[in-house]
Protein chains: 2
Amino acid sequence: MTKNKINKKDKIIKAAADLFFEKGFSNTSIDDIIKVTGGSKRDIYNGFGNKSGLLSEIIRLYTDRVSHEVRLERFDENDLESSLKEFAYGLAHSYMRPEIIGLYTMIYKEVKLFPDLALEFYEKGPMLGTLKLSEFLQNCMNNGQLNKSPNYKLASFFISMIRDRIHSGVFLNSSEPVSLEELKEDVDLVVEIFLNGVKK
Amino acid sequence: MTKNKINKKDKIIKAAADLFFEKGFSNTSIDDIIKVTGGSKRDIYNGFGNKSGLLSEIIRLYTDRVSHEVRLERFDENDLESSLKEFAYGLAHSYMRPEIIGLYTMIYKEVKLFPDLALEFYEKGPMLGTLKLSEFLQNCMNNGQLNKSPNYKLASFFISMIRDRIHSGVFLNSSEPVSLEELKEDVDLVVEIFLNGVKK
DNA sequence: ATATAATGGTAATTTCAATTACCATACTCA
DNA sequence: TGAGTATGGTAATTGAAATTACCATTATAT
């Protein structure tokens with residue numbers, strides 16, 4: 001049955017993603033994956049061509065999920081501060097998720113090996129979110145609520161503060177991961193500084 | 001002569017650092033290094049114990065250089081804006097240097113393998129710079145020039161904006177590296193937003 | 001100057017992991 | 001149901017790279 005084949009592929013993708021995100025692509029062997037899923041190496045070569053093919057499918061799949069979430073973001077020009085805060089909470093939430101951290105970790109590790117996949121991830125993920133926010137900022141400039149400024153750049157700066165607050169500890173092994181609740185104050189502070197910084 | 005031994009070690013360190021920064025630790029073989037320096041593998045095993053030992057020396061050496069530079073930063077409480085700008089230019093300059101980018105790249109790649117070295121890098125590099133800035137901000141708060149706020153956090157936010165402006169393109173393969181001249185406007189914009197955001 | 005120790009080079013050795021070969025089994029469709 | 005095809009499992013094969021063995025050479029110190 002085709003159904004079983006799909007289940008098997010899914011199972012492999014799930015297991016491989018966990019391993020790749022945890023240990024990186026290069027440090028995960030085909031055998032490691034099979035040890036989790038059962039079956040045999042042939043399942044991977046039949047289903048995905050080779051190890052790199054498996055990675056491609058995983059990155060595509062996970063970045064598509066992220067980009068889908070980003071598209072759902074809603075902003076309200078009549079409530080600038082709340083909108084920014086909600087956006088920032090969503091962002092923080094997303095950057096804290098293990099799959100996202102794993103995705104970033106892996107892409108940082110393997111960007112030299114797969115430059116195209118890294119670019120695709122960037123465009124469907126971080127860039128899309130930045131565009132979404134910059135559009136909102138542009139509307140608020142048109143409104144007269146904000147000073148005219150290069151909107152994409154402002155959006156990038158805002159997002160950098162949020163993301164780095166969460167990721168710098170992870171990627172340099174310099175602090176324990178925290179929960180969104182613990183972060184809330186910091187996120188609010190970011191919004192406050194940013195808003196003071198850019199509003200009329 | 002001991003002199004020759006040191007020269008040989010230095011030569012190996014230089015060549016290995018270039019390769020590690022360019023291709024990463026795991027993807028550089030001992031033979032790759034020897035191909036550049038001449039001599040034989042034994043030089044590496046005699047001089048550094050093994051491949052990891054070589055990496056340790058490199059990370060120590062390069063992070064010490066960075067931390068030395070950071071210590072030289074000068075601030076002037078009487079000229080807040082210029083001080084921040086000068087600090088930001090220095091920061092940008094530093095984040096753009098190939099050795100620094102290489103160091104970050106490699107540490108991101110291998111943090112799982114060498115968590116202690118990653119932490120050491122963080123403490124001697126980014127953390128030290130952040131402390132330096134936060135001390136200055138604290139002074140300006142005491143002065144009454146800035147609103148009271150958690151100073152280390154403010155400093156982190158400021159640095160995140162500068163660093164991410166430069167590094168996000170590199171690490172996700174999403175844009176060409178730029179020069180400090182091209183960045184100057186963006187750095188000025190960061191300072192402007194930040195200062196508006198935090199000053200009384 | 002020569003016995004002893006350190007150093008360097010070449011060629012194993014070992015390990016690990018991706019990929020492939022080959023055979024047995026299970027499925028498909030007439 | 002049975003010929004032909006696809007799939008899965010086990011066991012090669014291959015290649016890369018770290019580490020080590022061993023011998024030759026050079027340096028050191030009395």
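Per chain, numbering begins at 1; letters A, B, ... match sequence-line order.
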Are any protein N/O atoms closer than 3.5 Å to N/O atoms in nucleotides 14-16 of chain C? If there are, list each pair with its distance.
none

* Structure fact -> Between CG of A:Asn7 and P of D:dG8 the distance, given in whole Å, is 13 Å
* Spacing between B:Asn27 atom CG and C:dA18 atom C1', to the nearest angstrom -> 15 Å
* Presence of A:Lys51 side-chain N/O under 4.0 Å of C:dA17 phosphate oxygens OP1/OP2 -> no
* Heavy atoms only: give me the nearest B:Ala88-B:Val191 pair and the separation to one decimal. => CB-CG2, 4.2 Å
* According to a strict under-4.0 Å criterion, is B:Lys8 in side-chain N/O contact with OP1 or OP2 of C:dG8? -> yes
* **Polar side-chain atom of A:Asn173 near backbone of B:Pro115 as donor-acceptor pair, under 3.5 Å** => yes
* **Rounded distance in Å - CG (B:Leu55) to C1' (D:dA17)** => 17 Å
* Asked: Quick one: salt bridge (charged side-chain N to carboxylate O under 4.0 Å, His left out) pairs with a partner in residues 119-143 of chain B, sequence neighbours left out?
  -> B:Arg60-B:Glu120, B:Asp64-B:Lys124, B:Glu120-B:Lys124
* To do: Check for a donor-acceptor pair, side chain of B:Glu110 on one end and backbone N or O of B:Ser26 on the other, with a separation under 3.5 Å.
  => yes
* **ring-ring contact (aromatic ring centres under 6.0 Å, His included) contacts touching residues 167-191 of chain A (sequence neighbours left out)** => A:Tyr95-A:His167, A:Tyr104-A:His167, A:Tyr108-A:Phe171, A:His167-A:Phe171, A:Phe171-B:Tyr108
* Is the Lys NZ or Arg CZ of B:Lys51 less than 6.0 Å from the centre of B:Phe25's six-membered ring, within 45° of the axis? -> yes
* Asked: Tell me, which of residues 105-113 of chain B have any heavy atom that sits under 4.0 Å from an atom in DNA chain C?
  -> none
* Structure fact -> For residues 159-181 of chain A, the salt bridge (charged side-chain N to carboxylate O under 4.0 Å, His left out) pairs (sequence neighbours left out) are A:Arg163-B:Asp164, A:Asp164-B:Arg163, A:Arg165-A:Asp186
* So, A:Phe194 versus A:Phe157, ring centres under 6.0 angstrom or not? -> no
* Structure fact -> Here the residues of residues 28-48 of chain A within 4.0 Å heavy-atom distance, strictly under, of DNA chain D are A:Gly39, A:Ser40, A:Arg42, A:Asp43, A:Asn46
* Does B:Lys184 come within less than 4.0 Å of B:Asp188, counting only side-chain N to carboxylate O? -> yes
* Taking 4.0 angstrom as the limit, do B:Arg65 and B:Glu69 come out as a salt bridge? -> no
* Looking at NZ of A:Lys14 and CD1 of A:Ile58, how far apart are the two atoms once the value is rounded to the nearest 0.5 Å? -> 10.5 Å
